[in-house]
Amino acid sequence: MPELPEVEVVRAGLAPAVTGATVSSVEVLDARALTRHDAASGDFESLVTGARIEAAVRRGKFLWLPIASGRAIVGHLGMSGQLLLRTPDHPGDDRHPRVRMHLEHPEHGEYRVDFLDQRTFGSLAVDRLVPTADGAVAGYSGDVTGEWARSIPAQVAHIARDPLDPAFSDDAFVAALARRASGVKRVLLDQGVVSGVGNIYADEALWASRLHPEQPAAALAPRRSRELLGAVRDVLGRALAEGGTSFDAQYVNVNGASGYFEHSLNAYGRAGLPCSRCGTPIVREPFMNRSSHRCPRCQRLRRAAIRQTSPGA
DNA sequence: CGCAGACCCTGCAGGC
DNA sequence: TGCCTGCAGGGTCTGC
(Lines give C-alpha, C1' and ligand atoms only; values in the text may rest on other atoms or scores of the structure.)
Protein backbone atom coordinates (compact mmCIF):
# COMPACT_ATOMS: atom_id res chain seq x y z
CA MET A 1 0.00 0.00 0.00
CA PRO A 2 1.59 2.88 -1.38
CA GLU A 3 1.42 6.31 0.06
CA LEU A 4 2.61 7.66 3.39
CA PRO A 5 -0.56 7.12 5.46
CA GLU A 6 -0.93 3.51 4.35
CA VAL A 7 2.75 2.77 4.96
CA GLU A 8 2.58 4.40 8.38
CA VAL A 9 -0.42 2.25 9.27
CA VAL A 10 1.72 -0.79 8.47
CA ARG A 11 4.74 0.53 10.37
CA ALA A 12 2.66 1.29 13.44
CA GLY A 13 1.15 -2.17 13.27
CA LEU A 14 4.50 -3.89 12.97
CA ALA A 15 6.40 -1.87 15.56
CA PRO A 16 5.09 -3.36 18.82
CA ALA A 17 5.29 -6.87 17.40
CA VAL A 18 8.75 -6.80 15.86
CA THR A 19 10.65 -4.57 18.28
CA GLY A 20 12.82 -6.84 20.39
CA ALA A 21 11.96 -9.91 18.34
CA THR A 22 14.50 -12.25 16.79
CA VAL A 23 14.16 -13.74 13.31
CA SER A 24 14.32 -17.50 13.79
CA SER A 25 14.03 -18.34 10.10
CA VAL A 26 13.07 -16.88 6.75
CA GLU A 27 11.55 -18.37 3.60
CA VAL A 28 12.03 -16.65 0.27
CA LEU A 29 9.23 -17.95 -1.94
CA ASP A 30 9.85 -15.61 -4.88
CA ALA A 31 13.28 -14.15 -5.48
CA ARG A 32 11.79 -11.18 -7.35
CA ALA A 33 10.92 -9.76 -3.94
CA LEU A 34 14.66 -9.30 -3.35
CA THR A 35 15.50 -7.23 -6.42
CA ARG A 36 16.67 -4.37 -4.24
CA HIS A 37 18.89 -6.60 -2.15
CA ASP A 38 22.56 -6.30 -3.04
CA ALA A 39 23.84 -9.87 -2.93
CA ALA A 40 27.41 -8.58 -2.80
CA SER A 41 26.84 -7.66 0.84
CA GLY A 42 25.82 -11.21 1.66
CA ASP A 43 23.01 -13.64 1.28
CA PHE A 44 19.59 -12.25 2.31
CA GLU A 45 18.56 -15.33 4.27
CA SER A 46 21.88 -15.52 6.12
CA LEU A 47 21.84 -11.85 7.04
CA VAL A 48 18.26 -11.97 8.32
CA THR A 49 18.35 -15.26 10.17
CA GLY A 50 19.17 -14.75 13.83
CA ALA A 51 18.89 -10.97 13.61
CA ARG A 52 17.33 -9.07 16.51
CA ILE A 53 15.01 -6.28 15.36
CA GLU A 54 15.45 -2.97 17.16
CA ALA A 55 12.51 -0.94 15.81
CA ALA A 56 10.26 -0.21 12.83
CA VAL A 57 11.15 3.06 11.08
CA ARG A 58 9.58 4.90 8.15
CA ARG A 59 10.55 7.74 5.86
CA GLY A 60 8.06 8.53 3.13
CA LYS A 61 6.99 5.20 1.66
CA PHE A 62 10.06 3.27 2.80
CA LEU A 63 10.08 1.11 5.93
CA TRP A 64 13.07 -0.42 7.65
CA LEU A 65 13.80 -2.61 10.64
CA PRO A 66 17.23 -1.84 12.13
CA ILE A 67 19.15 -4.94 13.18
CA ALA A 68 22.59 -5.35 14.68
CA SER A 69 25.82 -4.95 12.70
CA GLY A 70 24.79 -1.55 11.37
CA ARG A 71 22.22 -2.96 8.96
CA ALA A 72 18.48 -2.93 8.44
CA ILE A 73 15.83 -5.00 6.74
CA VAL A 74 14.40 -2.51 4.23
CA GLY A 75 10.92 -2.84 2.80
CA HIS A 76 9.00 -1.02 0.08
CA LEU A 77 5.44 -2.06 -0.69
CA GLY A 78 5.49 -0.79 -4.26
CA MET A 79 2.00 -0.75 -5.70
CA SER A 80 0.56 -3.88 -4.16
CA GLY A 81 2.76 -5.11 -1.32
CA GLN A 82 1.40 -6.21 2.05
CA LEU A 83 3.12 -7.05 5.31
CA LEU A 84 0.86 -9.19 7.47
CA LEU A 85 1.27 -10.36 11.06
CA ARG A 86 0.20 -13.96 11.49
CA THR A 87 0.27 -16.83 13.90
CA PRO A 88 2.88 -19.52 13.14
CA ASP A 89 0.21 -22.01 12.07
CA HIS A 90 -1.48 -19.71 9.56
CA PRO A 91 -1.84 -21.69 6.32
CA GLY A 92 -0.45 -18.80 4.25
CA ASP A 93 -2.54 -19.97 1.32
CA ASP A 94 -2.19 -16.63 -0.42
CA ARG A 95 -2.15 -16.01 -4.13
CA HIS A 96 1.07 -14.02 -4.09
CA PRO A 97 3.29 -15.04 -1.19
CA ARG A 98 6.85 -13.70 -1.56
CA VAL A 99 8.72 -13.87 1.76
CA ARG A 100 7.89 -15.27 5.20
CA MET A 101 9.81 -14.29 8.30
CA HIS A 102 9.35 -16.40 11.42
CA LEU A 103 9.86 -14.33 14.55
CA GLU A 104 10.34 -15.10 18.21
CA HIS A 105 9.44 -12.37 20.67
CA PRO A 106 10.38 -12.56 24.37
CA GLU A 107 6.86 -11.53 25.43
CA HIS A 108 4.58 -12.26 22.49
CA GLY A 109 6.00 -15.63 21.55
CA GLU A 110 6.20 -16.96 18.02
CA TYR A 111 4.54 -15.46 14.96
CA ARG A 112 5.15 -14.63 11.32
CA VAL A 113 5.53 -11.55 9.18
CA ASP A 114 4.38 -12.44 5.65
CA PHE A 115 5.26 -10.28 2.67
CA LEU A 116 2.73 -10.63 -0.16
CA ASP A 117 2.88 -8.72 -3.42
CA GLN A 118 0.70 -9.18 -6.46
CA ARG A 119 2.55 -6.92 -8.88
CA THR A 120 6.07 -7.48 -7.56
CA PHE A 121 7.01 -3.81 -7.54
CA GLY A 122 7.60 -4.09 -3.82
CA SER A 123 10.79 -5.41 -2.28
CA LEU A 124 12.66 -6.52 0.80
CA ALA A 125 16.41 -6.16 1.24
CA VAL A 126 19.12 -6.07 3.85
CA ASP A 127 21.08 -2.87 3.51
CA ARG A 128 23.75 -1.08 5.49
CA LEU A 129 22.87 1.94 7.58
CA VAL A 130 24.71 5.18 6.88
CA PRO A 131 24.55 8.45 8.85
CA THR A 132 21.86 10.90 7.74
CA ALA A 133 23.17 13.83 5.71
CA ASP A 134 21.76 16.41 8.12
CA GLY A 135 22.56 14.48 11.29
CA ALA A 136 18.91 14.46 12.33
CA VAL A 137 16.75 11.46 13.15
CA ALA A 138 16.30 9.45 9.95
CA GLY A 139 12.60 8.72 10.02
CA TYR A 140 9.58 8.12 12.19
CA SER A 141 9.61 5.27 14.70
CA GLY A 142 8.41 6.71 17.99
CA ASP A 143 11.94 6.29 19.37
CA VAL A 144 14.67 8.84 18.72
CA THR A 145 17.23 7.48 21.17
CA GLY A 146 18.30 4.23 19.55
CA GLU A 147 21.81 3.92 18.21
CA TRP A 148 20.28 3.43 14.76
CA ALA A 149 18.07 6.55 14.96
CA ARG A 150 20.29 8.92 12.99
CA SER A 151 21.16 6.34 10.36
CA ILE A 152 19.36 5.48 7.16
CA PRO A 153 19.60 2.54 4.75
CA ALA A 154 21.96 3.45 1.90
CA GLN A 155 19.24 2.81 -0.69
CA VAL A 156 16.90 5.26 1.07
CA ALA A 157 19.46 8.04 1.57
CA HIS A 158 18.42 9.91 -1.60
CA ILE A 159 14.76 10.02 -0.53
CA ALA A 160 13.70 13.41 0.85
CA ARG A 161 12.14 13.75 4.27
CA ASP A 162 8.37 13.58 4.33
CA PRO A 163 6.15 16.53 5.30
CA LEU A 164 5.23 14.99 8.67
CA ASP A 165 8.92 14.70 9.64
CA PRO A 166 9.90 17.32 12.27
CA ALA A 167 13.20 17.83 10.41
CA PHE A 168 11.42 18.58 7.10
CA SER A 169 12.48 21.98 5.78
CA ASP A 170 9.58 24.07 4.54
CA ASP A 171 12.00 26.63 3.16
CA ALA A 172 13.87 24.02 1.15
CA PHE A 173 10.55 22.77 -0.25
CA VAL A 174 9.53 26.26 -1.35
CA ALA A 175 12.96 26.81 -2.88
CA ALA A 176 12.78 23.50 -4.75
CA LEU A 177 9.42 24.40 -6.29
CA ALA A 178 10.77 27.80 -7.32
CA ARG A 179 13.48 26.28 -9.46
CA ARG A 180 11.38 23.61 -11.19
CA ALA A 181 9.87 24.23 -14.59
CA SER A 182 7.76 21.05 -14.39
CA GLY A 183 4.13 20.94 -13.49
CA VAL A 184 3.54 21.16 -9.76
CA LYS A 185 2.08 17.65 -9.53
CA ARG A 186 5.17 16.11 -11.06
CA VAL A 187 7.28 17.87 -8.44
CA LEU A 188 4.99 16.70 -5.62
CA LEU A 189 5.54 13.14 -6.80
CA ASP A 190 9.33 13.56 -6.92
CA GLN A 191 10.48 11.65 -3.83
CA GLY A 192 13.76 13.56 -3.93
CA VAL A 193 11.87 16.79 -3.22
CA VAL A 194 9.27 15.59 -0.77
CA SER A 195 8.52 11.96 0.05
CA GLY A 196 5.37 10.07 0.91
CA VAL A 197 3.07 11.72 -1.63
CA GLY A 198 1.63 9.57 -4.42
CA ASN A 199 -1.05 10.00 -7.03
CA ILE A 200 -4.03 10.02 -4.67
CA TYR A 201 -2.81 12.55 -2.15
CA ALA A 202 -1.19 14.73 -4.81
CA ASP A 203 -4.59 15.07 -6.49
CA GLU A 204 -6.26 15.74 -3.15
CA ALA A 205 -3.74 18.39 -2.06
CA LEU A 206 -3.95 20.13 -5.44
CA TRP A 207 -7.74 20.13 -5.25
CA ALA A 208 -7.62 21.63 -1.75
CA SER A 209 -5.17 24.28 -2.98
CA ARG A 210 -7.15 24.98 -6.16
CA LEU A 211 -4.07 24.32 -8.26
CA HIS A 212 -3.93 22.78 -11.73
CA PRO A 213 -1.57 19.77 -11.76
CA GLU A 214 0.27 21.14 -14.79
CA GLN A 215 0.79 24.56 -13.27
CA PRO A 216 4.54 25.18 -13.57
CA ALA A 217 5.98 24.86 -10.08
CA ALA A 218 8.21 27.89 -10.54
CA ALA A 219 5.14 30.01 -11.27
CA LEU A 220 3.86 29.63 -7.70
CA ALA A 221 4.41 32.49 -5.31
CA PRO A 222 6.17 31.30 -2.13
CA ARG A 223 2.96 31.87 -0.22
CA ARG A 224 1.07 29.55 -2.56
CA SER A 225 3.79 26.93 -2.19
CA ARG A 226 3.41 27.08 1.57
CA GLU A 227 -0.35 26.74 1.27
CA LEU A 228 0.15 23.70 -0.90
CA LEU A 229 2.51 22.18 1.64
CA GLY A 230 -0.08 22.83 4.31
CA ALA A 231 -2.69 21.05 2.19
CA VAL A 232 -0.36 18.08 1.72
CA ARG A 233 0.15 17.84 5.48
CA ASP A 234 -3.55 18.19 6.12
CA VAL A 235 -4.61 15.45 3.72
CA LEU A 236 -1.86 13.06 4.83
CA GLY A 237 -2.73 13.66 8.47
CA ARG A 238 -6.46 13.13 7.96
CA ALA A 239 -5.90 9.99 5.91
CA LEU A 240 -3.63 8.64 8.62
CA ALA A 241 -6.28 9.30 11.26
CA GLU A 242 -8.74 7.22 9.24
CA GLY A 243 -6.35 4.33 8.70
CA GLY A 244 -5.47 5.17 5.12
CA THR A 245 -7.28 4.84 1.81
CA SER A 246 -8.22 1.61 0.14
CA PHE A 247 -9.76 0.89 -3.22
CA ASP A 248 -9.48 -2.85 -3.21
CA ALA A 249 -8.19 -5.77 -1.16
CA GLN A 250 -4.53 -4.85 -1.79
CA TYR A 251 -4.46 -2.00 0.66
CA VAL A 252 -4.67 -3.29 4.16
CA ASN A 253 -2.99 -3.00 7.54
CA VAL A 254 -0.98 -5.75 9.21
CA ASN A 255 -4.20 -7.52 10.14
CA GLY A 256 -5.62 -7.37 6.63
CA ALA A 257 -8.13 -4.59 7.37
CA SER A 258 -8.82 -1.59 5.14
CA GLY A 259 -8.87 2.12 5.93
CA TYR A 260 -11.78 4.52 5.59
CA PHE A 261 -10.33 7.59 3.93
CA GLU A 262 -11.81 6.73 0.55
CA HIS A 263 -15.03 8.31 1.79
CA SER A 264 -13.21 11.60 2.31
CA LEU A 265 -11.71 11.98 -1.17
CA ASN A 266 -12.65 15.11 -3.11
CA ALA A 267 -10.92 14.52 -6.43
CA TYR A 268 -9.22 11.14 -6.79
CA GLY A 269 -11.48 8.50 -8.29
CA ARG A 270 -14.38 10.95 -8.62
CA ALA A 271 -14.42 11.53 -12.38
CA GLY A 272 -17.88 12.67 -13.44
CA LEU A 273 -19.02 13.33 -9.87
CA PRO A 274 -19.66 16.89 -8.73
CA CYS A 275 -16.88 18.91 -7.15
CA SER A 276 -17.82 19.20 -3.49
CA ARG A 277 -16.94 22.91 -3.62
CA CYS A 278 -18.63 24.16 -6.78
CA GLY A 279 -20.62 21.25 -8.23
CA THR A 280 -18.75 21.10 -11.55
CA PRO A 281 -18.06 17.49 -12.57
CA ILE A 282 -14.53 16.32 -11.74
CA VAL A 283 -12.50 15.36 -14.81
CA ARG A 284 -9.89 12.68 -15.26
CA GLU A 285 -6.93 13.40 -17.51
CA PRO A 286 -3.91 11.31 -18.59
CA PHE A 287 -0.80 12.01 -16.56
CA MET A 288 2.49 10.07 -16.62
CA ASN A 289 0.86 6.79 -17.63
CA ARG A 290 -1.69 7.32 -14.87
CA SER A 291 -4.43 9.85 -14.28
CA SER A 292 -4.98 13.22 -12.73
CA HIS A 293 -8.34 14.15 -11.24
CA ARG A 294 -9.29 17.78 -10.88
CA CYS A 295 -12.13 20.25 -10.89
CA PRO A 296 -12.05 22.07 -14.24
CA ARG A 297 -13.52 25.17 -12.62
CA CYS A 298 -11.65 25.43 -9.30
CA GLN A 299 -8.31 24.25 -10.67
CA ARG A 300 -7.56 26.23 -13.80
CA LEU A 301 -4.20 26.64 -15.43
CA ARG A 302 -3.02 30.17 -14.84
CA ARG A 303 -1.06 31.51 -17.73
CA ALA A 304 0.08 34.77 -16.20
CA ALA A 305 3.40 34.62 -14.43
CA ILE A 306 2.51 35.26 -10.84
CA ARG A 307 6.04 35.04 -9.67
CA GLN A 308 8.97 37.18 -10.58
CA THR A 309 11.92 35.29 -12.03
CA SER A 310 15.36 36.03 -10.71
CA PRO A 311 17.69 36.72 -13.67
CA GLY A 312 20.72 36.99 -11.44
CA ALA A 313 20.40 33.48 -10.01
C1' DC B 1 21.75 19.04 -14.18
C1' DG B 2 16.53 19.01 -15.24
C1' DC B 3 13.01 16.86 -17.69
C1' DA B 4 9.79 13.53 -20.10
C1' DG B 5 8.96 9.12 -21.11
C1' DA B 6 9.62 4.07 -20.86
C1' DC B 7 9.84 0.15 -18.07
C1' DC B 8 9.30 -3.49 -14.44
C1' DC B 9 4.67 -7.15 -13.27
C1' DT B 10 0.01 -9.18 -12.46
C1' DG B 11 -4.95 -9.09 -12.31
C1' DC B 12 -9.21 -7.05 -13.18
C1' DA B 13 -13.01 -4.46 -15.52
C1' DG B 14 -15.10 -3.24 -19.60
C1' DG B 15 -15.90 -3.25 -24.64
C1' DC B 16 -16.46 -5.98 -28.57
C1' DT C 1 -17.85 -17.10 -23.68
C1' DG C 2 -13.41 -15.35 -24.97
C1' DC C 3 -10.23 -11.94 -26.55
C1' DC C 4 -8.40 -7.50 -26.34
C1' DT C 5 -7.40 -3.11 -24.37
C1' DG C 6 -6.72 -0.08 -20.72
C1' DC C 7 -5.99 0.70 -16.04
C1' DA C 8 -4.01 0.36 -11.18
C1' DG C 9 -1.95 4.28 -5.38
C1' DG C 10 5.40 2.42 -6.84
C1' DG C 11 10.55 3.76 -8.03
C1' DT C 12 14.22 3.63 -11.36
C1' DC C 13 16.52 4.21 -15.48
C1' DT C 14 17.56 6.17 -20.04
C1' DG C 15 18.01 9.48 -23.52
C1' DC C 16 17.60 14.16 -24.69
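Given the structure is predicted, the values throughout are model-derived calculations rather than measurements. In the text below, chain A, chain B and the rest are named by the order of the sequence lines, each starting its count at 1.
The side chain of A/R32 lies closest to B/dC9, out of C/dT12, B/dC12, B/dC9. Listed nucleotides B/dC3, C/dC7, B/dA6 differ in distance to A/R180; the shortest reach to its side chain belongs to B/dC3. Checking B/dC3, C/dG9, B/dC9 against the side-chain heavy atoms of A/M79 singles out C/dG9 as nearest. Distances were taken from every side-chain heavy atom of A/T120 (C-beta onward) to each of B/dC9, B/dG11, C/dG9; the shortest belongs to B/dC9. Comparing atom distances between the A/N289 side chain and each of B/dA4, B/dC7, C/dA8 picks out B/dC7 as nearest. When distances are taken from the side chain of A/R284 to each of B/dT10, C/dC7, B/dC3, the shortest belongs to C/dC7.
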Exercise. Could you walk me through whether A/K61 and A/D162 pass salt bridge (Lys or Arg N to Asp or Glu O under 4.0 Å), step by step?
Key: CA-CA 9 Å; A/K61 304 168 192 173; A/D162 62 64; over 6 Å; no
Practice problem: Check the pair A/D89, A/R112 against salt bridge (Lys or Arg N to Asp or Glu O under 4.0 Å), reporting the backbone distance first and the verdict last. | Solution: CA-CA 9 Å; A/D89 59 347; A/R112 285 200 336 246; over 6 Å; no
Quiz item: Run the salt bridge (Lys or Arg N to Asp or Glu O under 4.0 Å) check on A/R238 and A/D234 step by step: do they pass?
Solution: CA-CA 6 Å; A/R238 284 188 294 117; A/D234 179 64; 3.0 Å; yes
Quiz item: Hey, mind stepping through A/R180 and A/V193 against side chain to side chain contact (heavy atoms under 4.5 Å, CB included) and telling me if it holds?
Solution: CA-CA 10 Å; A/R180 295 299 199 99; A/V193 173; 3.5 Å; yes
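Rounded to whole angstrom, the span from the OH atom of A/Y201 across to the C1' atom of C/dA8 amounts to 15 Å. At whole-Å resolution of the value, CZ in A/F287 and P in C/dC7 are 15 Å apart. Between the P atom of C/dC13 and the CZ atom of A/F121 lies a distance of 14 Å, rounded to the nearest Å. Whole-Å rounding puts the A/H158 NE2 to C/dC13 P distance at 8 Å. Distance NE2 (A/H76) to P (C/dG11): 4 Å, rounded to an integer number of Å. What separates CG of A/D94 from C1' of B/dG11 is a distance of 16 Å, to the nearest Å. One can place CD of A/Q155 at 8 Å from P of C/dT12, the figure rounded to the nearest angstrom. When the C1' atom of C/dG9 is taken as reference, atom CG of A/L206 falls 15 Å away, rounded to whole Å.
Salt bridge annotation for A/R223-A/E227: present, with a cationic side-chain nitrogen under 4.0 angstrom from a carboxylate oxygen. Contact check on A/D114 versus A/R86 returns a salt bridge, with a Lys/Arg side-chain nitrogen under 4.0 Å from an Asp/Glu carboxylate oxygen.
Nucleotides B/dG11 and C/dG11, compared at atom P, are 22 Å apart to the nearest Å. Between B/dC9 and C/dC3, the two P atoms lie 23 Å apart (nearest whole Å).
The residue among A/N199 and A/M288 whose nearest nucleotide of DNA chain C is located toward the 5' end is A/N199.
Side-chain nitrogen and oxygen atoms of A/Q118 include none within less than 4.0 Å of the OP1 or OP2 phosphate oxygen of B/dG11. Residue A/T35 places none of its side-chain N or O atoms closer than 4.0 Å to OP1 or OP2 of B/dC8. Taking only side-chain nitrogens and oxygens, A/R98 never comes nearer than 4.0 Å to OP1 or OP2 of B/dC9. In this structure, A/R36 reaches the C/dT12 phosphate: one of its side-chain N or O atoms is under 4.0 Å from OP1 or OP2.
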Self-check item: Secondary structure string for DNA chain B (Watson-Crick or G-U under 3.5 angstrom, | for other-strand pairs)
Solution: .|||||||.|||||||
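Expressed to the nearest 0.5 Å, how far CZ of A/R59 lies from CH2 of A/W64 amounts to 6.0 Å.
Using a distance-only test at 3.5 Å, with no hydrogens or angles considered, no donor-acceptor pair links the side chain of A/E8 to the main chain of A/L240.
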